[in-house]
Enquirer: 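Please read through the structure below; I'll follow up with questions.
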Amino acid sequence: MTLYPLKFNPIYKRRIWGGNKLKTILHKKYSGENIGESWEISDIHNDETEVSEGELKGFTLKELIQKFKGEFLGQKVYDSFGKDFPLLIKFIDAKTPLSIQVHPNDSLAKERHDSFGKNEMWYVMQADDNAELIIGFNQEVEKETFTEHLNNATLSNILNTEKVTTGDTFYIPTGRIHAIGSGVLLAEIQQTSDITYRIYDYDRVDIKTGEKRALHTDMALDTIDYKKSDCYRTTYEIKKNVSNTLVHTQYFKTNVIHVNGKLAKDYTVIDSFVIYICVEGSLIIDCNNKLYILNIGETILIPATLNHLTLISVSARVIEVTI
């Protein structure tokens with residue numbers, strides 16, 4: 001068996017806040033209502049995505065790592081993470097707002113949950129008129145002040161909101177309070193973790209269970225970074241046929257590429273797998289003279305051993321993800 005560009009079968013997640021844009025805009029095929037998340041590439045326990053086509057069809061990420069090791073991940077990535085795939089890739093459709101929440105860092109997540117922390121980023125693919133996100137604080141806040149606002153149901157007075165539109169990008173480091181607002185469809189790149197501390201959930205009752213979802217206030221209070229940032233939005237250029245920097249961190253590096261015509265890519269020096277997330281249009285990936293089509297709402301993983309590709313499109317936009 002030899003490696004090739006790999007697509008995976010998405011795992012669809014029903015959410016109390018989910019809508020139908022994953023189907024109507026991203027052309028996902030699923031049954032059921034209120035599907036809020038499409039897990040595109042996942043190594044979360046009991047939610048491992050499987051290769052969807054080719055001779056490696058049915059392989060999970062762990063099975064690919066076990067078989068191919070550094071050829072699949074890149075040797076430096078394999079040396080750092082071993083059998084664990086480091087990233088989780090999602091599309092999220094918020095018909096109504098997500099809970100106000102926060103994620104723990106690596107040390108807290110390891111201590112409390114034997115998990116990675118959850119640093120993540122958002123790239124907005126579509127937003128309804130006047131759609132918003134909550135991210136961070138609009139003023140300096142102390143833990144005691146935050147608790148008072150939480151108890152008095154006045155959190156909105158101290159939270160920072162951002163109007164959003166297509167292409168807006170935000171980095172959410174661990175400790176930063178946040179929530180996706182209603183009417184937002186986005187791509188999310190994050191560490192492999194499913195640890196979320198809900199702080200406020202609008203007192204919603206899940207019709208399916210008849211109960212409110214659990215809150216994790218005590219753990220959240222020791223996790224939150226109470227500092228105010230001067231700017232929460234990521235600024236970037238969008239020159240054609242180059243990798244325009246989005247978010248570069250120790251956990252992942254993301255760029256956005258506007259493909260117009262043919263673009264040759266050489267990944268010889270990075271020693272990492274590459275993930276492409278198509279967020280606009282469609283393109284063809286030429287790898288070793290074999291063609292792979294990637295449409296909006298699709299994700300493909302290029303194993304580390306495949307260093308030379310050509311991207312072809314009249315007009316497409318992809319997020320390029322590496323470690």
Side-chain angles (χ1 to χ4, degrees), residues 13 15-18 36-37 87-106 108-109 115-128 130-141 143 145-147 149-150 153-165 167-202 204 213-235 246-247 249 251-252 254:
K13 296 287 188 176
R15 298 294 188 235
I16 191 172
W17 40 261
E37 300 188 18
L87 298 181
L88 172 59
I89 308 297
K90 300 178 182 177
F91 295 117
I92 296 179
D93 169 26
K95 183 178 181 180
T96 58
L98 275 68
S99 63
I100 297 171
Q101 58 190 244
V102 70
H103 305 304
N105 61 26
D106 282 344
L108 270 178
S115 169
F116 290 125
K118 192 176 178 184
N119 289 270
E120 64 186 27
M121 64 158 282
W122 296 331
Y123 179 94
V124 177
M125 296 176 66
Q126 186 272 338
D128 296 347
N130 298 312
E132 295 179 335
L133 303 172
I134 292 171
I135 183 165
F137 294 105
N138 59 24
Q139 57 192 269
E140 292 294 330
V141 177
K143 183 177 179 180
T145 307
F146 178 87
T147 304
H149 281 285
L150 180 61
T154 56
L155 266 185
S156 60
N157 292 348
I158 60 173
L159 296 178
N160 176 65
T161 60
E162 302 271 353
K163 297 281 188 185
V164 294
T165 189
D168 284 348
T169 300
F170 298 87
Y171 177 51
I172 303 95
T174 56
R176 181 166 289 173
I177 195 167
H178 62 277
I180 302 171
S182 59
V184 178
L185 173 68
L186 56 78
E188 180 176 276
I189 297 94
Q190 60 163 92
Q191 289 178 274
T192 294
S193 171
D194 198 28
I195 307 300
T196 294
Y197 297 156
R198 292 191 201 99
I199 300 165
Y200 180 65
D201 197 36
Y202 311 96
R204 290 182 289 199
R213 296 192 298 171
L215 300 179
H216 316 96
T217 308
D218 289 343
M219 288 190 289
L221 290 174
D222 292 333
T223 303
I224 295 170
D225 179 356
Y226 294 97
K227 298 183 183 68
K228 174 184 177 293
S229 176
D230 291 334
C231 182
Y232 293 100
R233 192 184 305 258
T234 299
T235 58
L246 284 180
V247 175
T249 74
Y251 306 101
F252 51 76
T254 62

Enquirer: Main chain of Gln101, side chain of Ser99: is a donor-acceptor contact present, judged purely on distance under 3.5 Å?
Expert: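 No: the side chain of Ser99 does not pair with the backbone of Gln101.
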Enquirer: Looking at Thr192 and Ser115, what are the two nearest heavy atoms and their distance?
Expert: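 Closest approach of Thr192 to Ser115: O-OG, 4.4 Å.
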Enquirer: For Thr147 and Leu221, work out which heavy atoms get closest and say how close.
Expert: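 Smallest interatomic distance, heavy atoms only, reads OG1-CD2, 3.9 Å.
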Enquirer: With rounding to the nearest 0.5 angstrom, report the CG to OG1 distance, Leu186 to Thr169.
Expert: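 Going from the CG atom of Leu186 to the OG1 atom of Thr169 covers 10.0 Å.
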Enquirer: If you take all heavy atoms of Ser229 and Arg176, which pair is closest and at what distance?
Expert: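 Between these two residues, the closest heavy atoms are CB-NH2, 4.1 Å.
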Enquirer: When you measure from the side chain of Thr145 to the backbone N and O of Val141, does any donor-acceptor pair fall under 3.5 Å?
Expert: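 No.
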Enquirer: Could you state the interatomic distance from CZ (Phe252) to CD (Gln191), rounded to the nearest 0.5 Å?
Expert: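 Between Phe252 CZ and Gln191 CD, I get 7.5 Å after rounding to 0.5 Å.
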Enquirer: Which heavy-atom pair separates Val164 from Ala127 by the least distance, and what is that distance?
Expert: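 That closest heavy-atom pairing would be O-CB, 3.6 Å.
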Enquirer: From Ile195 CD1 over to Asn105 CG, what is the distance, rounded to the nearest 0.5 angstrom?
Expert: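 So the gap between those two atoms works out to 12.5 Å.
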Enquirer: Hey, what's the ring geometry for His178 with His103, parallel, tilted or perpendicular (30° and 60° as the breaks)?
Expert: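 His178 vs His103 ring planes: tilted.
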Enquirer: What are the two closest heavy atoms between Phe116 and Ala109, and how far apart are they?
Expert: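 Answer, listing the atom of Phe116 first, then Ala109: O-CB, 3.3 Å.
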Enquirer: Would you give the length of the straight line joining atom CG of Leu87 to atom CD of Glu188, rounded to the nearest 0.5 angstrom?
Expert: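 It is 11.5 Å, given to the nearest 0.5 Å.
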Enquirer: At what distance, to the nearest 0.5 angstrom, does CG of Leu133 lie from CZ of Phe170?
Expert: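 Taking CG in Leu133 and CZ in Phe170, the distance rounds to 5.0 Å.
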Enquirer: With a 4.0 Å cut-off, would you call Asp168 and Lys163 a salt bridge?
Expert: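 No, no charged N to carboxylate O under 4.0 Å.
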Enquirer: Hey, is the main chain of Lys118 close enough, under 3.5 Å, to the side chain of Glu120 for a donor-acceptor pair?
Expert: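 No; judged by distance alone, with no hydrogens or angles, the pair does not exist.
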Enquirer: What I want to find out is whether Lys13 reaches Glu37 closely enough, with some N-O distance under 4.0 Å, to be called a salt bridge.
Expert: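 Not counted as a salt bridge, because no side-chain N and carboxylate O are separated by less than 4.0 Å.
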Enquirer: If we ignore hydrogens and angles and just use 3.5 Å, is the side chain of Asp106 paired with the main-chain N or O of Gly117 as donor and acceptor?
Expert: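 Yes; judged by distance alone, with no hydrogens or angles, the pair exists.
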Enquirer: Of all heavy-atom pairs between Thr223 and Leu108, which one has the smallest distance, and what is that distance?
Expert: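 Shortest heavy-atom separation between Thr223 and Leu108 comes out as OG1-CD1, 3.8 Å.
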Enquirer: Below 4.5 Å, heavy atoms only, C-beta onward: do Ile100 and Tyr202 meet side chain to side chain?
Expert: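 They are in side-chain contact.
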Enquirer: Could you go through the side chain to side chain contact (heavy atoms under 4.5 Å, CB included) check for Asn119 and Thr249 one step at a time?
Expert: CA-CA 9 Å; Asn119 289 270; Thr249 74; 5.8 Å; no
Enquirer: Taking it one step at a time, do Phe137 and Phe146 satisfy side chain to side chain contact (heavy atoms under 4.5 Å, CB included)?
Expert: CA-CA 10 Å; Phe137 294 105; Phe146 178 87; 3.8 Å; yes
Enquirer: Start with the C-alpha gap between Glu140 and Lys227, add the side-chain angles, then the distance that decides, and say whether side chain to side chain contact (heavy atoms under 4.5 Å, CB included) holds.
Expert: CA-CA 6 Å; Glu140 292 294 330; Lys227 298 183 183 68; 4.3 Å; yes
Enquirer: Taking Ile135's backbone N and O only, do any of them form a donor-acceptor pair with Asn160's side chain (distance below 3.5 Å, no angle check)?
Expert: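 At least one qualifying donor-acceptor pair exists.
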Enquirer: Looking only at atom types and distance, does a side-chain atom of Asn138 sit under 3.5 Å from a main-chain N or O of Asn157, one as donor and one as acceptor?
Expert: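 Present.
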Enquirer: Could you go through the side chain to side chain contact (heavy atoms under 4.5 Å, CB included) check for Ile224 and Ile199 one step at a time?
Expert: CA-CA 10 Å; Ile224 295 170; Ile199 300 165; 3.9 Å; yes
Enquirer: With under 30° as parallel and over 60° as perpendicular, where do the rings of His216 and Tyr197 fit, or are they tilted in between?
Expert: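 Aromatic pair His216/Tyr197 classed tilted.
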Enquirer: Heavy-atom distance under 4.5 Å between the side chains of Ile89 and Ile189, does that happen here?
Expert: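 With C-beta onward as the side chain, the pair touches.
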Enquirer: What is the distance from atom CG of Leu159 to atom CD of Gln139, rounded to the nearest 0.5 Å?
Expert: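 The CG atom of Leu159 sits 9.5 Å away from the CD atom of Gln139.
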Enquirer: If only atom types and distance count, is the side chain of Thr96 paired as donor or acceptor with the main-chain N or O of Ala94 below 3.5 Å?
Expert: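 Side chain of Thr96 to backbone of Ala94, a donor-acceptor pair under 3.5 Å: no, none is there.
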Enquirer: Test side-chain hydrogen bond (donor to acceptor under 3.5 Å, both in side chains) on Thr154 and His149 and set out the steps.
Expert: CA-CA 5 Å; Thr154 56; His149 281 285; 2.7 Å; yes
Enquirer: Within the 4.5 Å heavy-atom criterion, are Thr254 and Tyr171 side-chain neighbours or not?
Expert: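 No - every pair of side-chain heavy atoms lies 4.5 Å or more apart.
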